[in-house]
**Student:** 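I'd like to ask you about the structure that follows.
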Amino acid sequence: MGDSATTEAPAPDAISPPAPDSPVGVDAGDNAVNGLYPPHRPGRSPRMIGEVAVDLGFADRLAVEEAVAAARAQGRPTGLVLVERGVLRHDQLARVVAERFGLDFVDLSVYDLDMGAVSLISAETAKRYQAVPVGFGEDGSLLLAMANPTNVLTIDDVAMMTGRRVRAAAASVEDLNLLLTRLTQMDESIEDLVEEEGDEQSDDELQLDEADSDAPIIKLVHSIVAQAIQLGASDIHVNPEEGDTRVLFRVDGVLAPAATVKRRMAVGVVSRIKIMAELNIAEKRVPQDGRFALTVEGRRVDIRVVTLPLVNGEGVVLRILDKGVKVEGLESLGMQPTELERFTRAITRPNGTVLVTGPTGSGKSTTLYAALHVINDGDKSIITIEDPVEQRIAGIKQMQIAPKAGVTFDAGLRSMLRADPDVIMGGEVRDRQTAHIAVEAALTGHLVLSTLHTRDAPSALGRLIDMGIEPFLVSSAVDCIVAQRLLRMLCTHCKRPQEVPDSVLEEHGLAGAEPFEAVGCSRCGGSGYRGRIGVYEVMTVSERIRALILARAAVDELVEVAVAEGMRRLRDDGLQKVRDGLTSIAEVERMTNSVL
């Protein structure tokens, strides 16, 4: 069923896009580990491509025989024709090729890349050979993902370049091309990273880096940072485990494995990050905080670093603050018309306090920046104090806190009150001193914008009272509170209608809705989601609510009155976005279940 031409790997431009429904078919006999599938039979099989495809259950025998006949008539590789006709997907073809030659198949959409291995050859070299080193075997051999794993010349060349024995593995051509594109972009970003880092170092350090610019650890750290920025990650987690160290990226609010760093290199990676953040590399027993700045693809990126002395070694968390991301306006945030009108009315008042609440990473700063863009009409003096200044806005005086110099939130707010402001934006109300100054500013004729960490809008009032602010001051100063979360948006390329019984829809408050569910495709990295949108709970402090504050009423009473006056709860806003086809029921449950 097929001839020798079927062993050739199909050209990238001859492959149809994969079907977004199911991954590579595997039967019960598979023993896959981390996306690596060993062959069922060692050594080369006498069977042809078509026969292997049928035996693995990937294709119907009649469809395969027709494709084989067409391939022979046209003098073309059978594998290529099978994909063109839709009999096999690109990933299934790679699995079939691996099975025929007794090689491993590596699913690059699942496999945890070892960045130490990836960094052994340049992206340009990998692209030329259509092969990427992705990991190491237990015997120290190099696992090489290849579009054509039978190309012995490529295997020999990579072995000579790396000084390691190479173990070839078949990989999907499309997945390999996506990885090569990422690696090429990372290499371009690394040049910017090294250049920016060099500008901020001393002469001795710069000379050392120039001499060691090809050192594996330096390149590995730069690759990890560049990859995270390319993927739009908000955080990088370097987690030491008993064996290797795992690197995870938080993309769209969800942590996902990104790479594995071998134990012998893990200490060097952490030390390199600490050097970049100007931390003490000799101190490993206590947490440390630092930061550094980079320029990537022409835009400045601030990175905040926290080290943690963990049981299995020193861990690091890097928070990425991309200053190239601009806020377009309140309309782009995703507020419903009613909530948008309430919020706009609050921020355009001449005085009072507007608080935005939610956990870390819920988009509070983005909402405040959007508000500043609305009120920054040139007629007002607007001063901000932030940690750090995430976005620079023309016409606004922005101050960054510097605790070592004595510039804290409360000290900065006191100074700002003497600078004749109309609007004050404080990054966060963290303690009693900051809260007291913010309330005083609102009561003396200023508009104060700030953030607070609470689970919902009504809880913010109790939080201020718990900080030591008298209820009569809270009731007089606070005008509006916004609680928010960020929901992942369904990928528009692969989302599909979800079949849900009417009784379940009614139970969730979605009677008559036609929800969609996440599927996963190459464009969304297999997650089924791409991008995020906010869900909001906007509470206006009315006279009835002010009376409840003075009476120190429970949060449940505040909620009941606020809802009666038209406040939409976070979950209700999320369900509306399910009706609009923007997100899934599962995502709303994940993000709002704790605030019901």
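Numbers here simply count residues along the sequence, with the first being 1. Side-chain atoms are counted along with the backbone in the values below, which use heavy atoms only and exclude waters and symmetry mates. Small disclaimer: the values here were computed from a predicted structure and weren't measured.
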**Student:** Taking the basic N atoms (NZ, or NE/NH1/NH2) and the acidic carboxylate oxygens, is any pair closer than 4.0 Å for Arg291 and Glu278?
**Tutor:** no
**Student:** I'd like to know if the side chain of Asp573 and the backbone of Tyr536 have a donor-acceptor N/O pair within less than 3.5 Å.
**Tutor:** yes
**Student:** What's the separation between atom CD1 in Ile347 and atom CE in Met425, rounded to the nearest 0.5 Å?
**Tutor:** 12.0 Å
**Student:** Looking at side-chain heavy atoms only, is the closest gap between Leu447 and Asn351 below 4.5 Å?
**Tutor:** no
**Student:** Are Glu560 and Leu548 side-chain neighbours, meaning at least one heavy-atom pair lies under 4.5 Å?
**Tutor:** no
**Student:** How far apart are the C-alpha atoms of Arg304 and Asp235, what are their side-chain angles, what is the distance that settles it, and do they pass the salt bridge (charged side-chain N to carboxylate O under 4.0 Å, His left out) test?
**Tutor:** CA-CA 9 Å; Arg304 300 165 72 176; Asp235 302 271; over 6 Å; no
**Student:** Among side-chain atoms of Asp572 and Gln576, is any donor-acceptor pair under 3.5 angstrom?
**Tutor:** no
**Student:** At what distance, to the nearest 0.5 angstrom, does OG1 of Thr384 lie from CE of Met416?
**Tutor:**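 One gets 6.5 Å once the value is rounded to the nearest 0.5 Å.
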**Student:** Evaluate the side-chain proximity of Met539 to Ile545: yes if any heavy-atom separation is below 4.5 Å, no if none is.
**Tutor:**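 Yes, side chains in contact.
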**Student:** Side-chain donor-acceptor pairs under 3.5 Å in residues 307-317, sequence neighbours left out?
**Tutor:**
| from | atom 1 | to | atom 2 | distance (Å) |
| --- | --- | --- | --- | --- |
| Thr307 | OG1 | Gln288 | N | 3.0 |
| Glu314 | OE1 | Lys274 | NZ | 3.3 |
| Glu314 | OE2 | Lys274 | NZ | 2.9 |

**Student:** Could you tell me whether the side chain of Leu510 reaches within less than 4.5 Å of the side chain of Arg579, counting heavy atoms only?
**Tutor:**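 The answer is yes, as the side chains (C-beta and beyond) meet within the 4.5 Å cut-off.
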**Student:** Please tabulate, one pair per line, all N/O donor-acceptor pairs under 3.5 Å involving side-chain atoms of residues 549-558, not counting sequence neighbours.
**Tutor:**
none

**Student:** Side chains of Leu355 and Leu464: closer than 4.5 Å at any heavy-atom pair?
**Tutor:**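 Heavy-atom side-chain distance check passes, below 4.5 Å.
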**Student:** Once side chain to side chain donor-acceptor pair (under 3.5 Å) is applied, do any residues pair with Glu470, and if so which ones, sequence neighbours excluded?
**Tutor:**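 If we apply the side chain to side chain donor-acceptor pair (under 3.5 Å) test to Glu470, skipping adjacent residues, there are no hits.
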**Student:** Atom CG of residue position Asp502 - does it have more than 12 heavy atoms of other residues, nucleotides or ligands inside 6.0 Å?
**Tutor:** no
**Student:** Inspect the contact between Asp456 and Arg485 and indicate whether a charged nitrogen and a carboxylate oxygen are less than 4.0 angstrom apart.
**Tutor:**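 Salt bridge absent between Arg485 and Asp456.
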**Student:** Would you check if the side chain of Gln484 reaches a backbone N or O of Gly358 as a donor-acceptor pair within less than 3.5 Å?
**Tutor:** no
**Student:** Ignoring hydrogens and angles, tell me if any N or O in the side chain of Asn376 forms a donor-acceptor pair with the backbone of Ala394 under 3.5 Å.
**Tutor:**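 Checking the backbone N and O of Ala394 against the side chain of Asn376, a donor-acceptor pair under 3.5 Å is found.
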**Student:** Answer yes or no: is there a side-chain heavy-atom contact under 4.5 Å between Met335 and Arg342?
**Tutor:** no
**Student:** If you round to the nearest 0.5 Å, how far is CD of Gln398 from CZ of Arg392?
**Tutor:**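 Going from the CZ atom of Arg392 to the CD atom of Gln398 covers 8.0 Å.
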**Student:** Just verifying a value: how many Å separate Phe409 CZ and Ile401 CD1, rounded to the nearest 0.5 Å?
**Tutor:**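 Rounded to the nearest 0.5 Å, the CZ-CD1 separation comes out at 5.0 Å.
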**Student:** Ignoring hydrogens and angles, tell me if any N or O in the side chain of Ser475 forms a donor-acceptor pair with the backbone of Phe472 under 3.5 Å.
**Tutor:** yes
**Student:** Using side-chain heavy atoms (C-beta onward) and a distance below 4.5 Å, is Val535 in contact with Met591?
**Tutor:** no
**Student:** Using modelled atom types only, decide if a donor and an acceptor are shared between the side chain of Lys577 and the backbone of Leu487 within a distance under 3.5 Å.
**Tutor:** no
**Student:** Just jot down the side chain to side chain donor-acceptor pair (under 3.5 Å) partners of Lys397, sequence neighbours excluded, or say none.
**Tutor:** Ser381
**Student:** Report, as yes or no, whether the 6.0 Å neighbourhood of atom CD on Glu283 holds more than 12 heavy atoms from other residues, nucleotides or ligands.
**Tutor:** yes
**Student:** For Asp431, give me all partners under side chain to side chain donor-acceptor pair (under 3.5 Å), at least two apart in sequence or on another chain.
**Tutor:**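 Side chain to side chain donor-acceptor pair (under 3.5 Å) check on Asp431 returns Thr434.
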**Student:** Taking Pro359's backbone N and O only, do any of them form a donor-acceptor pair with Lys364's side chain (distance below 3.5 Å, no angle check)?
**Tutor:**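 Present.
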**Student:** For Ser584, does its backbone N or O pair with a side-chain atom of Glu517 as donor and acceptor, under 3.5 Å?
**Tutor:** no
**Student:** Show the numbers, then the answer: is there a salt bridge (charged side-chain N to carboxylate O under 4.0 Å, His left out) between Arg571 and Glu589?
**Tutor:** CA-CA 8 Å; Arg571 178 184 175 84; Glu589 289 291 331; 2.8 Å; yes
**Student:** Report yes if some heavy atom in the side chain of Leu505 is under 4.5 Å from a heavy atom in the side chain of Ile585; otherwise report no.
**Tutor:**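 Yes, at least one pair of side-chain atoms sits under 4.5 Å.
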**Student:** Taking only residues two or more places apart in sequence, or in another chain, which ones meet Thr360 in a side chain to side chain donor-acceptor pair (under 3.5 Å)?
**Tutor:**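 By the side chain to side chain donor-acceptor pair (under 3.5 Å) rule, Thr360 matches no residue at all.
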**Student:** How long is the straight-line distance from CG of Leu255 back to CD1 of Ile236, given to the nearest 0.5 Å?
**Tutor:** 11.5 Å
**Student:** Donor-acceptor check, side chain of Glu587 to backbone of Arg488, threshold 3.5 angstrom: yes or no?
**Tutor:** yes
**Student:** Determine the minimum heavy-atom distance between Val588 and Gly574, stating which atoms define it.
**Tutor:**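 Nearest heavy atoms, Val588 then Gly574: CG2-O, 3.5 Å.
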**Student:** Can you check whether Phe516's main-chain N or O pairs, donor with acceptor, with Glu514's side chain at less than 3.5 Å?
**Tutor:**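 It does not hold such a pair.
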**Student:** Between Thr444 and Ala441, is there a donor-acceptor pair closer than 3.5 Å when you use the side chain of the first and the backbone of the second?
**Tutor:** yes
**Student:** Quick one: CZ on Arg530 to CG on Asp252, what's the gap to the nearest 0.5 Å?
**Tutor:**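 These two atoms lie 9.5 Å from each other.
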